[in-house]
A.B. asks: 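Take a look at this one; I'll ask things after.
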Amino acid sequence: MLNNYNQQPAISNQNIMEIKEQKREADLLRFITCGSVDDGKSTLIGRLLYDTKTIFEDQLQNIERTSQQRGEEYVNLALLTDGLRAEREQGITIDVAYRYFATPTRKFIMADTPGHIQYTRNMVTGASTANLAIVLVDARKGVIEQTCRHTFIASLLKIDHIILCVNKMDLVGFSEEVFNKIKADFETFISRLDIADVSYIPVSALQGDNIVNRSESMPWYEGPTLLYTLENVHLGSDLNLVDARFPVQYVSRPQTTEYHDFRGYAGRVEGGVFKPGDEVMVLPSGFTSKISAIETFDGPVAEAFPPMSVTITLNDEIDISRGDMIVKPNNQPQTSQDIELMICWMHEKPLVKGKKYIIRHTTREAKCLVKDIRYKMNINTLHKIEDDLNIGLNDIARIVIRSTVPLFFDDYRRNAATGSLILIDEFTNETLAAGIIL
């Protein structure tokens, strides 16, 4: 059966090289698969796991047995990610499935996201932490609505690397003409989006063509395989090493004899580089001080950069609490209570203009009021819909909110961590929307 598968002062180049060298050993790529229903997303991930020999023997035996019980003619590798009973019964993906694997070159976290329109919110969840998106297109159908929808969301969420995989090439006779037609259609669509890096690969996830091994059936394709592209995509430029941002998550006061006077501020570096001796400013108070030390679980370090989790100590006693942000005095984020957002609405309850919601932004939580709904997007045409402002499940819209306290933020495309937030129902505590700050 298995035979079926074959404005801050610039950081010096020396500092940047040191940072990249420290990150090299733990090089991690987070990517998602997206596209329309039945384009083969789950099969593609199963094929990657199978051909890289990262499937456990008991997993392989289980999907072999399940495939036989279902009367299928081949081992259904999609079963590796479709774990819910409803997913297996219907042959679709509903929830986001995460899988982990590694090659000698890089570590990977894959998110298999659903293709149905009603599960767009799940796709947004999977894409929110991704560095790269694999957009699958059925070679028989070409670029369709969900292809455009998911590509637009990937662009909105600042996924700078897109790989368009034209799947099921075996069902169109491995035609170069079909591939070129789909590539041209996709290029026309993305010309209106801000995507830095796009690759095009013709594949057959079922038969393994151009996934890990080169396809003998498509000698006209001279580009790299999917795995080679994933292993070699450059992520260094995705980090913001200029704008120093450190949202305080926790004030560390051990209250022990050994550390009786210790006061540190714990959190994750969301941008820039911090070093002992650097002058910093605390928002919202505006007080300044200098970093005395940067502590980690493994001891003090000479510098901290994204996405390190550290504890910073200062020379001066300043009143700092959760939700405050440590920045550089000459490179501060924007501060405002009136904020414009692009949101993806993720709940059956519609958005209500004038209603109060809770927002969570970095480590800060506050209440807000929806002041205005500007428009919602037509995903297919990228046109603004201004005469229908009813925002419901899976809609993408531009709104204006006013928060009860100032937020410290950057444009999302400059810093995804400080440029994003979520809206929460103040009574049920349900997450209602994910928003990016424009």
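Note that the numbering runs from 1 along the sequence shown for the chain.
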A.B. asks: Return yes if some donor-acceptor pair links the side-chain N/O of K355 with the main-chain N/O of V370 below 3.5 Å, else return no.
C.D. replies: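 Side chain of K355 to backbone of V370: no pair is present.
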A.B. asks: Of the non-hydrogen atoms in V242 and N331, which two are nearest, and what is the gap between them?
C.D. replies: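 Smallest heavy-atom distance, with atoms named: O-ND2, 3.4 Å.
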A.B. asks: Could you go through Y357 and I424, starting from their C-alpha distance and side-chain angles, then the distance that decides it, and tell me whether this counts as side chain to side chain contact (heavy atoms under 4.5 Å, CB included)?
C.D. replies: CA-CA 6 Å; Y357 297 99; I424 298 171; over 6 Å; no
A.B. asks: With no hydrogens and no angle check, is any side-chain donor or acceptor of D410 less than 3.5 Å from a backbone partner on P333?
C.D. replies: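 Checking the backbone N and O of P333 against the side chain of D410, no donor-acceptor pair under 3.5 Å is found.
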A.B. asks: Find out whether the Lys NZ or Arg CZ of K328 is both under 6.0 angstrom from the six-membered ring centre of F274 and within 45° of the ring's axis.
C.D. replies: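 Positive - K328 is close enough to the ring of F274 and near enough to its axis.
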A.B. asks: Answer yes or no: is there a side-chain heavy-atom contact under 4.5 Å between N131 and V233?
C.D. replies: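 Result no, sub-4.5 Å side-chain heavy-atom pair not found.
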A.B. asks: Does E177 CD have over 12 foreign heavy atoms under 6.0 Å away?
C.D. replies: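 Atom CD in E177 is not packed in, count stays at 12 or less.
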A.B. asks: Tell me if a side-chain donor or acceptor on Y250 pairs with a main-chain N or O of R322 at a distance below 3.5 Å.
C.D. replies: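 The answer is no, because no donor-acceptor pair under 3.5 Å joins these two groups.
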A.B. asks: Could you tell me if the side chain of T418 sits less than 4.5 Å from the side chain of M325, heavy atoms only?
C.D. replies: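 Side chain of M325 against side chain of T418, heavy atoms only: contact under 4.5 Å found.
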A.B. asks: Distance check, rounded to the nearest 0.5 Å: F174 atom CZ versus L171 atom CG?
C.D. replies: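 Interatomic distance, F174 CZ to L171 CG, rounded to 0.5 Å: 8.5 Å.
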A.B. asks: Could you tell me whether the side chain of D324 and the main chain of S321 form a donor-acceptor pair under 3.5 Å?
C.D. replies: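 A pair under 3.5 Å: yes.
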A.B. asks: Are R214 and D209 within salt-bridge range, i.e. N to O under 4.0 Å?
C.D. replies: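 No.
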A.B. asks: If we only count heavy atoms from C-beta on, is the K349 to T428 side-chain gap below 4.5 Å?
C.D. replies: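 Side-chain contact under 4.5 Å: yes.
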A.B. asks: Under a 3.5 Å distance rule, please check whether D338 uses its side chain to pair with a backbone N or O of E340 as donor and acceptor.
C.D. replies: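 Not a single qualifying donor-acceptor pair exists.
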A.B. asks: Would one find more than 12 heavy atoms of other residues, nucleotides or ligands at under 6.0 Å from atom CZ of F101?
C.D. replies: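 More than 12 heavy atoms, drawn from other residues, nucleotides or ligands, come within 6.0 Å of this atom.
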A.B. asks: Rounded at 0.5 Å granularity, tell me how far CD1 in I144 sits from CD1 in I182.
C.D. replies: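 Between atom CD1 of I144 and atom CD1 of I182 there are 10.5 Å.
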A.B. asks: Show the numbers, then the answer: is there a side chain to side chain contact (heavy atoms under 4.5 Å, CB included) between K376 and D388?
C.D. replies: CA-CA 8 Å; K376 67 179 177 181; D388 177 13; 3.2 Å; yes
A.B. asks: Working to the nearest 0.5 angstrom, can you tell me the gap between L230 CG and T225 OG1?
C.D. replies: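 L230 CG to T225 OG1: 8.5 Å, rounded to 0.5 Å.
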A.B. asks: Tell me the closest heavy-atom pair linking H361 and F408, and the distance in Å.
C.D. replies: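 Here H361 and F408 meet closest at CE1-O, 2.9 Å.
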A.B. asks: Does a salt bridge link K367 with E426, judged by any charged N lying under 4.0 Å from a carboxylate O?
C.D. replies: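 A salt bridge is present here (some side-chain N lies under 4.0 Å from a carboxylate O).
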A.B. asks: For I134 and L132, which heavy atoms make the closest approach, and how far apart are they?
C.D. replies: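 Heavy atoms of I134 and L132 come nearest at CG1-CD2, 3.8 Å.
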A.B. asks: Should R413 and D411 count as an ion pair when the cut-off is N to O under 4.0 Å?
C.D. replies: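 Judged by the 4.0 Å cut-off on N to carboxylate O distance, R413 and D411 do not form a salt bridge.
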A.B. asks: Looking at every non-hydrogen atom in both residues, tell me the closest pair between I109 and L28 and how far apart they are.
C.D. replies: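 Closest approach of I109 to L28, heavy atoms only: CG1-CD1, 3.8 Å.
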A.B. asks: Taking atom CE of M308 and atom CZ of F246, what is their separation to the nearest 0.5 Å?
C.D. replies: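 So the CE of M308 and the CZ of F246 are separated by 10.0 Å.
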A.B. asks: Would you say S191's side chain and T188's backbone share a donor-acceptor pair under 3.5 angstrom?
C.D. replies: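 Looks like yes, one N/O pair under 3.5 Å.
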A.B. asks: Please step through side chain to side chain contact (heavy atoms under 4.5 Å, CB included) for the pair L423 and W345, ending with a clear verdict.
C.D. replies: CA-CA 9 Å; L423 296 181; W345 196 255; 4.2 Å; yes
A.B. asks: Rounded to the nearest 0.5 Å, how far does CZ of R245 lie from CD of E270?
C.D. replies: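 Spacing of CD (E270) from CZ (R245) equals 11.0 Å.
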A.B. asks: Taking the side chain as every heavy atom from C-beta outward, state whether L227 and T103 have any atom pair closer than 4.5 Å.
C.D. replies: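 The answer is yes; the side chains approach within 4.5 Å.
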A.B. asks: Does the side chain of L407 reach to within under 4.5 Å of the side chain of I359, using non-hydrogen atoms?
C.D. replies: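 Answer yes - side chains close enough.
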A.B. asks: Taking the side chain from R414 and the backbone from N240, do they hold a donor-acceptor pair closer than 3.5 Å?
C.D. replies: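 Looks like no, no N/O pair under 3.5 Å.
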A.B. asks: Please round to the nearest 0.5 Å and tell me the distance separating atom CG of N394 and atom CD1 of I153.
C.D. replies: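 With rounding to 0.5 Å, CG (N394) is 8.0 Å from CD1 (I153).
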A.B. asks: Within a strict 4.5 Å, meaning less than it, do heavy atoms of the L438 and R398 side chains meet?
C.D. replies: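 When only atoms from C-beta onward are counted, R398 and L438 do touch, with a gap below 4.5 Å.
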A.B. asks: Indicate yes or no for a side-chain donor-acceptor contact from R30 to the backbone of A130 under 3.5 Å, with no hydrogens or angles considered.
C.D. replies: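 A pair under 3.5 Å: no.
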A.B. asks: Are the side chains of F152 and I396 in contact, using a 4.5 Å heavy-atom criterion?
C.D. replies: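 Counting from C-beta outward, I396 and F152 do come under 4.5 Å.
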A.B. asks: Which atom pair, heavy atoms only, marks the closest approach of R106 to E231?
C.D. replies: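 Where R106 meets E231 most closely, the heavy atoms are NH1-O, 3.5 Å.
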A.B. asks: Tell me if a side-chain donor or acceptor on D372 pairs with a main-chain N or O of R374 at a distance below 3.5 Å.
C.D. replies: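 Here the side-chain-to-backbone pair does not exist.
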A.B. asks: Which pair of non-hydrogen atoms, one from C34 and one from H150, has the smallest distance, and what is that distance?
C.D. replies: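 Heavy atoms only, the tightest pair is CB-ND1, 3.4 Å.
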A.B. asks: Any Lys/Arg nitrogen of K158 or D160 sitting under 4.0 Å from an Asp/Glu carboxylate oxygen of the other?
C.D. replies: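 Result for this pair is yes, salt bridge flagged.
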A.B. asks: Is the backbone of S403 close enough, under 3.5 Å, to the side chain of Q337 for a donor and an acceptor to pair up by distance?
C.D. replies: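 Pair found, side chain donor or acceptor close to backbone of S403.
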A.B. asks: Compile the donor-acceptor pairs under 3.5 Å between side chains in residues 199-206 and protein atoms, sequence neighbours left out, one pair per line.
C.D. replies:
residue, atom, partner, partner atom, Å
S204, OG, D170, OD1, 3.0
S204, OG, Q207, N, 3.3

A.B. asks: In terms of heavy-atom contacts, does CG of D319 have more than 12 from other residues, nucleotides or ligands at under 6.0 Å?
C.D. replies: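 Counting neighbours around CG of D319, 12 or fewer heavy atoms of other residues, nucleotides or ligands fall under 6.0 Å, so no.
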A.B. asks: Would a 4.5 Å heavy-atom cut-off, applied to side chains only, mark V172 and F179 as touching?
C.D. replies: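 Heavy-atom side-chain distance check fails, nothing below 4.5 Å.
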A.B. asks: Would you mind telling me which of T33, V137, L226 makes a side-chain contact (heavy atoms from CB on, under 4.5 Å) with C165?
C.D. replies: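 The single option meeting the side-chain contact (heavy atoms from CB on, under 4.5 Å) with C165 is L226.
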A.B. asks: Please determine whether side chain to side chain contact (heavy atoms under 4.5 Å, CB included) holds for the pair Y412 and L157, giving the CA-CA distance in whole Å, both sets of side-chain angles, and the decisive distance to 0.1 Å.
C.D. replies: CA-CA 8 Å; Y412 183 86; L157 293 175; 3.8 Å; yes
